[in-house]
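Worksheet for the structure shown next.
To find a chain, count down the sequence lines: A is the first, B the second, and so on, and within it residues start at 1.
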Protein chains: 4
Amino acid sequence: MQKITLLINCPDRKGIVTTITQFILEKQGNIVYLDQHVDRQESTFFMRIETEFDQPEFSISSFEKIFAARFETDYQLTYQLFDALHKPRLALFVSKYDHCLYDLLGRNASGELQVEIPLIISNHPDLEIVAKRFDIPFKYIPVTKATKAEAEAEQIKTIKEHNIDLIVLARYMQIISDDFVSKFKYQIINIHHSFLPAFIGAKPYHAAFERGVKIIGATSHYVTADLDEGPIIEQEIVRVSHVHSVQDFILKGRDLEKVVLARAIKAHIAHKVLVFGNKTVIFS
Amino acid sequence: MQKITLLINCPDRKGIVTTITQFILEKQGNIVYLDQHVDRQESTFFMRIETEFDQPEFSISSFEKIFAARFETDYQLTYQLFDALHKPRLALFVSKYDHCLYDLLGRNASGELQVEIPLIISNHPDLEIVAKRFDIPFKYIPVTKATKAEAEAEQIKTIKEHNIDLIVLARYMQIISDDFVSKFKYQIINIHHSFLPAFIGAKPYHAAFERGVKIIGATSHYVTADLDEGPIIEQEIVRVSHVHSVQDFILKGRDLEKVVLARAIKAHIAHKVLVFGNKTVIFS
Amino acid sequence: MQKITLLINCPDRKGIVTTITQFILEKQGNIVYLDQHVDRQESTFFMRIETEFDQPEFSISSFEKIFAARFETDYQLTYQLFDALHKPRLALFVSKYDHCLYDLLGRNASGELQVEIPLIISNHPDLEIVAKRFDIPFKYIPVTKATKAEAEAEQIKTIKEHNIDLIVLARYMQIISDDFVSKFKYQIINIHHSFLPAFIGAKPYHAAFERGVKIIGATSHYVTADLDEGPIIEQEIVRVSHVHSVQDFILKGRDLEKVVLARAIKAHIAHKVLVFGNKTVIFS
Amino acid sequence: MQKITLLINCPDRKGIVTTITQFILEKQGNIVYLDQHVDRQESTFFMRIETEFDQPEFSISSFEKIFAARFETDYQLTYQLFDALHKPRLALFVSKYDHCLYDLLGRNASGELQVEIPLIISNHPDLEIVAKRFDIPFKYIPVTKATKAEAEAEQIKTIKEHNIDLIVLARYMQIISDDFVSKFKYQIINIHHSFLPAFIGAKPYHAAFERGVKIIGATSHYVTADLDEGPIIEQEIVRVSHVHSVQDFILKGRDLEKVVLARAIKAHIAHKVLVFGNKTVIFS
């Protein structure tokens, strides 16, 4: 049995669901999941389909060719097609903060994420002990202003070698260059420790504390060339009050960072996130 | 029986709670509520006390004089003293949006707010029918760039005539001048339809929609000379997703605006809000 | 232009979305909304479609006949078909609590609900003044153990006379008899002031306070023969702590009751609620 | 420097804060934290104080003796006095579910909990590998109906040997006997995977799914002789809808279980939880 996940968007038109599902049925696909959404403002149609194929001769690449030929031009349709049975391979980038790292490694060890984590990359050596607890290869690649380009080149080389599907910046404190980002479009998820677009940049908890907000948040988003401006995948908040110090904000925020990052990763690896404009459609 | 509410802040020192409560006990006050908080970072002490006085000869103004004489200078103490049995008098400023107005008038009619609302002021005539439903005097004071100063002068005159304790901008769409604000320090509560400091200014729901946030909010705050920058009193959020249009954001946001504005008003009239720096301590 | 809303459920089968949308397209309908869900556990398909029909000769009843003939038997399909342009008519049942009443009347007066409220029925005379503020006919029908049957007969007669589509129990304190309920299947929405199934029955805030919960809630549901057991439409919560008295629980709870009841009503009148088993599918 | 934390409750009386803080000042204590609450319904006073003592000759036990002598009888005061610098020692009880275990071990490894975890006890051998990752001694003590008493005797013996301060049931699936519970009054924290008091007992996610709730929760509480009836420490919720299967409820619930259990543990080890009646006062 083979299984594919299709993410589709195109200009809306009458009968589009009909046409696409009909096409799949003709190819003997068994649709096990269908979610669709029409943005009536933009007249754009979005759909996510999971389909199983029983026939021994089925080939995902052949199916993709026929699907693209049928729809890409005539329907001005953009698609992403995934082998739904492929176990995604993640690279985690960390610096010194370990809370998101422990949280993700614990979740994966307990079977929740269903991913391979063949690689942890860091600009500091501190978290190697964490990687060791979970028997995961750790690569220390220091980064300075002068050596940034070489450091990134080595990171990219290592990522390619490990056939990484998704890069997770788990409180990685270095800014990724535009060049790096351009090589991994919508394949880098970052956790920003504020409720974007409030408190962009550094020390958001301190800024939130200064402003006297009554709610703090965390945001996971795809990394783009513009710092903290990429498409938002998930956000979560927690209430704070005058009894909380900056340190309390930070500690409360850490629980948000963990859960927001985990939810974003899970949605992405399940191919439930479709980027359109600078926003995301998150299928259920 | 008389009852006062004291809001206090001063540099923290050993035994401050002891000293103040002792003072009140000596004056035969019966403390029915005490909440205190020490901001250890700022070494600042905050306290709210509700005290009942049974003795027939008790005078709030005399008590205040003695209290101030004892503490203001020696303790560098700032205080606000209220007659807790005084029913606060609110003026509501509205424009064309009526949702917050209906919500507040309904809450007061049902006894929830325990305030007098002797006055509704508007720069449009549209909402007079709402005021009429609740038998509340409505004053239409149009505002144009040219006539702003006169309009505000009339507003201020009307407010003074009605012995107003608190001005509520219930989706009032005009910007209040610095001059006006300076006459009512921390006596003007506004509801801003975003989760500050995100989306300051006009059309925040549209801006939130553009950014593709997954959470929208509303914020109530005291109005200061800086637009949308005053001390935050309360915030609340609701989740949104790709299925929601801008219109959905607006409709969902309206329920937030109502509840956030109501909570802020209730905290203020119960004298539970203490402004310090540009932030608020909200006693429980 | 005419517009219908269809709510459908049937055993899941291949191509069901295709078949139904195709049918509508053949009838020249323009689908402006489609949301579907498959419960894979129960192999049940659910769908909500909004369709516009331009042709002058279009008849909703004729369309319904053909639709039923085509699908009811062959697909074992259950459907509800609504004229989407019909303005729903609500009857509000109240006792002495007025907070939900004021909230709903305010929302409707401000255009949020888009319903007719031709009738408020009460077992007490107290809230007639509220009805008067909003120029709505108020009918006082007292209820005692002895007179319950007659009282309900009169309520039912009045409801029929006014062509009521939905009965809202807005903190109505009488229990509706099974006989009454049977006449209005899934047409009576109640607000229960707890987070069901916790604290069924009377005085839920007191019970919640006794248990020392850290969260209280409110639940709106369709009324069935079993008290507080009907299909849940919406729930919402708020945090509480040791600083809150029972009275605080009640006051906080009232804001929940208002918003939960309003959301349920809005979902119902938009025909977004489909009851299946003793549960609800709430289309987005 | 030594530091103590005092948790106090007694019948409310005038000047009680004054008297106690005065006492501490006389003993040259430096109060660094004070939170108090009066339950006016019960006329009960609650207080939590953190005090530092600089003098070399200070003895916690001596201080306790004097404090008790001064207050216990005269004030009918109940107190708990802790060495605030003592690092709490936790025993984790697990069965086969590993998500809470990974979460707690990760939090402690990253320094968030500031506890010693010298012991993990389980009725199954499965999670020994998790304990090994974190270099924590694992004790497999199988439990059957016939051997329950002996199993518990061995658990208790091991707990005593390790000077355990707090027993955490981290999705431990065995019911603790009344006898065991009586030996560790308010020293056993359990995580129940529902929003108590809804869905007591087994399979709460299935029961919640059957009922069609729109919100699920998790509850941490002290274990008492009555299953799932002990004083609640913390609760948290997440929204669910018709799109979620029972499995989705379970997975979403796991994130709640982790955070609710962690918050309860953190509050307990910081001595912020005071049990009164069957409820908890949680100091800020």
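At most 12 heavy atoms of other shown residues, nucleotides or ligands fall within 6.0 angstrom of atom OH in Y97(D). Heavy atoms of other residues, nucleotides or ligands lying less than 6.0 angstrom from CD of Q76(C) number 12 at most.
Proximity to chain C is absent for every atom of Q41(D), based on heavy atoms less than 4.5 angstrom apart. When heavy atoms are compared at a cutoff of 4.5 Å, I233(D) approaches chain C solely by way of its backbone atoms N, CA, C and O. Heavy-atom distances place no part of R40(D) under 4.5 Å from chain C, backbone and side chain included.
Annotation: the span from E42(D) atom CD to S245(C) atom OG amounts to 11.5 Å, rounded to 0.5 Å.
By a heavy-atom distance cut of under 4.5 Å, F209(D), E210(D), R211(D), G212(D), V213(D), K214(D), I215(D) are the residues of residues 205-218 of chain D near chain C, going up by number.
Between F283(C) and H242(D), the ring planes are tilted. Angles from 30° to 60° get that label.
Put simply, of V246(C), T280(C), N278(C), the one with the most heavy-atom pairs under 4.5 Å next to chain D is T280(C).
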